[in-house]
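These values consider heavy atoms only, across backbone and side chains, with no hydrogens, waters or symmetry-generated copies.
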Amino acid sequence: EAAVTQSPRSKVAVTGGKVTLSCHQTNNHDYMYWYRQDTGHGLRLIHYSYVADSTEKGDIPDGYKASRPSQENFSLILELASLSQTAVYFCASSDRGNERLFFGHGTKLSVL
Amino acid sequence: QQKVQQSPESLSVPEGGMASLNCTSSDRNFQYFWWYRQHSGEGPKALMSIFSDGDKKEGRFTAHLNKASLHVSLHIRDSQPSDSALYFCAASEQQGGRALIFGTGTTVSVSP
């Protein structure tokens with residue numbers, strides 16, 4: 001099965017600090033995504049990328065940056081972490097032209 | 001407003017029973033649907049897709065799509081305790097190549 005690995009699995013950050021969440025896939029997929037999960041909101045799309053060195057804004061991009069330096073790697077960056085960014089973050093990948101997403105196990109982020 | 005809305009929020013089903021989940025898109029551009037399932041502590045996994053009007057069956061799971069009303073349902077026949085999970089409906093604007101928008105989810109609990 002396709003493999004998407006997220007690191008770290010959990011993180012505690014301080015308000016105003018910088019946080020980087022990393023994602024690595026070995027599926028040879030072109031597309032990668034970052035979603036956040038909150039109770040009552042389901043999964044919301046933050047950023048996505050169809051090709052290396054290019055990213056697109058999703059539905060809730062404010063306060064987040066994304067970086068896709070290679071086909072395999074996709075990072076989510078919180079320059080100034082805030083309490084409202086406490087959530088579980090999921091990275092996913094998919095093949096070109098296919099919405100079957102393969103998700104990682106998630107990163108639980110707590111901002112204090 | 002959420003573009004993809006699900007009901008009910010939670011559902012209890014006896015083992016061997018039928019679980020029925022509903023999903024509606026409020027945006028006529030989102031006509032291609034997927035169902036995903038997430039067990040506790042894991043990332044979501046794709047169950048099945050449905051792009052055409054009518055029924056689609058995969059094992060104990062049957063999806064039904066009505067494009068005129070943008071309503072899709074998922075029926076789980078002979079429910080098992082392992083079916084206890086959070087179920088997401090997701091929609092995309094076109095078949096292939098676009099990011100999925102997820103609903104808020106339905107929690108299904110199957111009791112032995």
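By the criterion of side-chain heavy atoms lying less than 4.5 angstrom apart, applied directly or through intervening Ile, Leu, Val, Met, Phe, Trp or Tyr residues, B:Tyr87 is grouped together with B:Ile50 in one hydrophobic cluster. With hydrophobic clusters built from ILVMFWY side chains whose heavy atoms lie under 4.5 angstrom apart, B:Leu21 shares a cluster with B:Val110. Residues A:Ile60 and A:Phe74 fall within the same hydrophobic cluster, defined by Ile, Leu, Val, Met, Phe, Trp and Tyr side chains chained together at heavy-atom separations under 4.5 Å. Each of A:Ile77 and A:Phe90 belongs to its own hydrophobic cluster when Ile, Leu, Val, Met, Phe, Trp and Tyr are linked at side-chain heavy-atom distances under 4.5 angstrom. Transitive grouping of hydrophobic side chains (ILVMFWY, heavy atoms separated by less than 4.5 Å) brings B:Trp35 and B:Phe61 into a common cluster.
Only the side chain of A:Gln37 has a heavy atom closer than 4.5 Å to any heavy atom of chain B. Residue A:Asp59 touches chain B through its side chain alone, counting heavy-atom pairs closer than 4.5 Å. Only the side chain of A:Leu45 comes within less than 4.5 Å of a heavy atom of chain B; its backbone N, CA, C and O stay farther away. Looking at B:Gln38, only its side chain comes within 4.5 Å of chain A, counting heavy atoms on both sides.
Separation of atoms NZ (B:Lys45) and CZ (A:Phe102) is listed at 10.0 Å; rounding is to 0.5 Å. Here the CG-OH distance, from B:Leu100 to A:Tyr48, works out to 11.5 Å after rounding to the nearest 0.5 Å. Within the model, atoms OH of B:Tyr36 and CG of A:Leu101 stand 4.0 Å from one another, a figure rounded to the nearest 0.5 Å.
Comparing B:Gly105, B:Ser49, B:Pro44, B:Gly41 by how many heavy-atom pairs each has under 4.5 Å with chain A, the most go to B:Pro44.
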Go through it in stages, so that I can follow the logic: the residues are A:Phe103 and B:Glu42, the test is side-chain contact (heavy atoms from CB on, under 4.5 Å), and I'd like the CA-CA distance, side-chain angles, deciding distance and then a yes or no. CA-CA 9 Å; A:Phe103 283 85; B:Glu42 299 180 3; over 6 Å; no
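The environment of NZ in A:Lys108 is sparse: at most 12 heavy-atom neighbours from other residues, nucleotides or ligands sit within 6.0 Å.
Looking at every heavy atom in both residues, B:Phe102 comes nearest to A:Leu43 through CB-O, 3.5 Å.
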